[in-house]
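Data first, discussion second: the structure below is written as structure tokens.
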Amino acid sequence: MGASEPVVERENDDVERGGGEEEEGEEKEDQKEDVEEKDVEKGEVAFQEQVVQNNPPGQIHMSRMQRLSTTNPLRLVINGGTRVATPSPSQPRPSPSPSQPRSTPTPHVSLTTLNSRAYTNRISLFLFLLHMVLAVGLVCFLLFKGIQGLLEAGKTQRKEKTVLQYFLPQIEAASLLSITLAFSWQKAVREWPNFMIHFVLWCSFFMSLSAGILLICFQKPATDGIGVLLIAFSIGNGLYACWVTHRIKFCCKVLIKSLEPVSKFPDLNQPTYWMLGIGFMWMSLWILAVIGALNFYFPPLIIIALVLSLLWTAEVLRNVANLTVSRVIALYYLRGMQSSTQFCFQRAMSINLGSACLGSLFVPAIEALRIVARGLNLLEGEDEFMFSCAHCCLRVMESIFRYGNGWAYVQIAAYGKGFVNASQDTWELFKRREMETIVDSDMTSAICFLTGVCSGSICVIVVAAWTTSVHQSFTATVSLLAFIIGYLMTRIAMALPHACVSSYYVCYAENPDNRLFRDKLIEDRLNMIKSGRDVVAPTPRVPRQFTR
């Protein structure tokens, strides 16, 4: 038989033992099952090449033909492995003989692909793009009205000149300060994660308290209202810092461990830089549009609409960076792949953008519901109506957590799933591994939130003191806008550590036996919780009175 023939035989080590043993070996060979085809997505494509390397062509005898596979006529057994012979174009495909059973087609099993090309959540993507078209049109129109007001002599011109002189410099300074703080926070968290968790908890408390006291000292009704809100938040922040003291150690370990893969991807932070740059340019135009809104009808309503648009846009920018980092880190954990950050960024900006838009609307509300749920669980009393309302609210929150949660971004990035499907699958993974208690008590989201509050409070202190010295009537407005800008810019920058921690949890739930999780960090934590050696305060699903 020539070397060009499409079939080869299995090497027989006992060919010299005689014809009887050879026939016996053939009978045993007939009873072997075909080896299952390997999943290309799981990195097992090198199996056939390895078989050929272990058996060089010189060791393969070409003296006789082996039995064809019963399930695939072109599959042959070579040293326990399988090899598929591809017929040449000149040779017709052999028809099965009457003595040979006809092959039964193997049912196709759909596999989750890592290279899905389908756009996710297209309705949300369409709504966001439509919103952006309207927002850009409104900003351009308000810029035109602002320029028109400056050119026309009269009361409007004097008003806008005052705004440009005593309002615009402080807001632009707040933007520059916020982007500087954003870079600083992220760099510090990556370099000193153990120290920064403690620092963020108490720095946000002192900064928000200081900003609130400063605004109250101005003795204006508007500044007093904002100051009271900041002081109330600082009190809650301090109580939270005391409440989670026993959870800080585990949070530090998870953060340190999840940030380890970042060093393997030197360009992983570039998408975050792009998002910060886009956010800074858009906020600069947005500030000018706010000034132009003063020269148009119903300025308060227009400014509120601009603020809501800015919040959604900034959240989408943050989640684009989140999806990019999540895909790079998730593929590293799940497949051991060194993915291209640029390619992952392109997917996040195109294919998965709809999921980012949908999640940007729901996840902040879900996080707020978690806080409300914790507060309701701490209530005690015998008022049946109050606890019935609490029971209803917590049941609603349980359904929301099942259909929408912030952990879904990892599976959206890795597998190209829609936001709702990814949320359901991720939560089912957590339930299967009994990890709900751990992910409910995770502090990473709170730490990222508090860094934004800290940056916003610093911006308020700087611009409020500046504005009071030049034009006190603008203090409340400038302080509020400065807080929003500082908070949003820092939240975009903190997408990288947040995505790393989320990927660590989700990828562990999907494959806890992965060699990258040999530290047993989560497993040991679960064992301590089950044995009662560690106590956590998870997000409650049912009020206390109903669990007694």
Side-chain angles (χ1 to χ4, degrees), residues 120-121 124-125 128 132 175 178-190 255 258-259 261-283 310-333 339-364 367 405-414 416 419 422 444-445 447-449 451-452 455 485-506:
T120 58
N121 300 109
S124 302
L125 177 60
F128 178 75
M132 285 305 301
S175 299
S178 64
I179 196 171
T180 304
L181 291 172
F183 285 120
S184 302
W185 281 117
Q186 194 212 81
K187 181 66 173 179
V189 169
R190 289 172 56 189
L255 184 58
S258 62
L259 289 174
V262 176
S263 60
K264 301 180 182 296
F265 305 92
D267 60 343
L268 188 59
N269 222 4
Q270 288 186 3
T272 305
Y273 296 155
W274 280 105
M275 294 299 100
L276 284 173
I278 294 173
F280 177 77
M281 290 187 293
W282 177 246
M283 286 181 187
L310 179 65
L311 292 176
W312 191 15
T313 304
E315 191 69 13
V316 170
L317 295 177
R318 181 177 75 90
N319 286 327
V320 167
N322 190 344
L323 287 171
T324 304
V325 177
S326 296
R327 180 171 176 85
V328 173
I329 301 299
L331 294 186
Y332 171 76
Y333 281 134
S339 304
S340 170
T341 303
Q342 183 178 1
F343 176 73
C344 296
F345 180 58
Q346 292 173 357
R347 284 181 60 91
M349 287 290 291
S350 56
I351 295 175
N352 298 328
L353 184 58
S355 298
C357 299
L358 182 60
S360 299
L361 287 176
F362 287 101
V363 172
E367 295 297 331
N405 54 75
W407 309 100
Y409 292 117
V410 179
Q411 291 214 358
I412 292 171
F419 177 74
T444 307
S445 179
I447 293 297
C448 295
F449 170 75
T451 54
S455 294
I485 293 172
Y487 170 80
L488 293 178
M489 295 296 285
T490 302
R491 288 288 281 160
I492 294 174
M494 293 300 293
L496 187 143
H498 193 189
C500 291
V501 173
S502 299
S503 300
Y504 184 82
Y505 278 115
V506 176

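Sequential numbering from 1 along the given sequence is applied to the chain's residues.
- Within the model, atoms CH2 of Trp407 and CD1 of Ile412 stand 14.0 Å from one another, a figure rounded to the nearest 0.5 Å.
- Judged by distance alone, the side chain of Ser455 and the main-chain N or O of Gly452 form no donor-acceptor pair under 3.5 Å.
- Thr120 contributes a side-chain N or O that, together with a main-chain N or O of Ile351, makes up a donor-acceptor pair within less than 3.5 Å.
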Determine, stepwise, if the pair Leu310 / Trp282 fulfils side-chain contact (heavy atoms from CB on, under 4.5 Å).
-> CA-CA 9 Å; Leu310 179 65; Trp282 177 246; 3.8 Å; yes
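- What you find for Ala321 and Thr272 is that their closest heavy atoms are CB-OG1, 4.0 Å.
- Across Ala356 and Val316, no two heavy atoms sit closer than the pair O-CG2, 4.3 Å.
- Asn121 contributes a side-chain N or O that, together with a main-chain N or O of Phe419, makes up a donor-acceptor pair within less than 3.5 Å.
- Partners of Phe343 under the ring-ring contact (aromatic ring centres under 6.0 Å, His included) rule, at least two apart in sequence or in another chain, do not exist in this structure.
- Side-chain contact check for Glu315 versus Pro364: some heavy-atom pair is nearer than 4.5 Å.
- Contact of the Tyr333 side chain with the Pro261 side chain is registered, since non-hydrogen atoms from C-beta on lie closer than 4.5 Å.
- Counting only heavy atoms from C-beta outward, the side chains of Leu331 and Arg327 approach each other to under 4.5 Å.
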Walk me through it: do Leu317 and Trp274 pass the test side-chain contact (heavy atoms from CB on, under 4.5 Å)?
-> CA-CA 9 Å; Leu317 295 177; Trp274 280 105; over 6 Å; no
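- Scanning all heavy atoms of the two residues, the minimum distance from Ala330 to Val410 falls at CB-CG1, 4.0 Å.
- To the nearest 0.5 Å, atom NE2 of residue His498 and atom OG of residue Ser445 are 4.5 Å apart.
- Across all non-hydrogen atoms, the minimal contact from Pro271 to Phe345 is CB-CD1, 3.7 Å.
- Distance check, rounded to the nearest 0.5 Å: CG of Asn352 to CG of Asn319 gives 11.5 Å.
- If you take SG on Cys500 and CG on Leu268, they are separated by 6.0 Å, rounding to the nearest 0.5 Å.
- Residue Phe362 qualifies as open at atom CZ: its count of foreign heavy atoms under 6.0 Å is 12 or below.
- Considering every non-hydrogen atom in both Lys264 and Tyr332, the closest pair reads CE-OH, 2.8 Å.
- Ser178 contributes a side-chain N or O that, together with a main-chain N or O of Ser175, makes up a donor-acceptor pair within less than 3.5 Å.
- The shortest heavy-atom contact between Leu353 and Val320 is CD1-CG2, 3.8 Å.
- The side-chain heavy atoms of Asn269 and Gln186, taken from C-beta on, include a pair separated by under 4.5 Å.
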Check step by step if side-chain contact (heavy atoms from CB on, under 4.5 Å) holds for Leu496 and Arg190.
-> CA-CA 9 Å; Leu496 187 143; Arg190 289 172 56 189; 4.1 Å; yes
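- Although no hydrogens or angles enter the test, the distance criterion places a donor-acceptor pair under 3.5 Å between the side chain of Ser258 and the main chain of Leu255.
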Chi angles and distances behind the side-chain contact (heavy atoms from CB on, under 4.5 Å) call for Trp185, Met489 | CA-CA 11 Å; Trp185 281 117; Met489 295 296 285; over 6 Å; no
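- The structure places CD1 of Ile485 at 6.5 Å from CE of Met283, a figure rounded to the nearest 0.5 Å.
- Rounding to the nearest 0.5 Å places CG of Leu488 at 11.0 Å from CG of Leu276.
- Taking a 6.0 Å sphere around CD of Gln342, one finds it holds 12 or fewer heavy atoms contributed by other residues, nucleotides or ligands.
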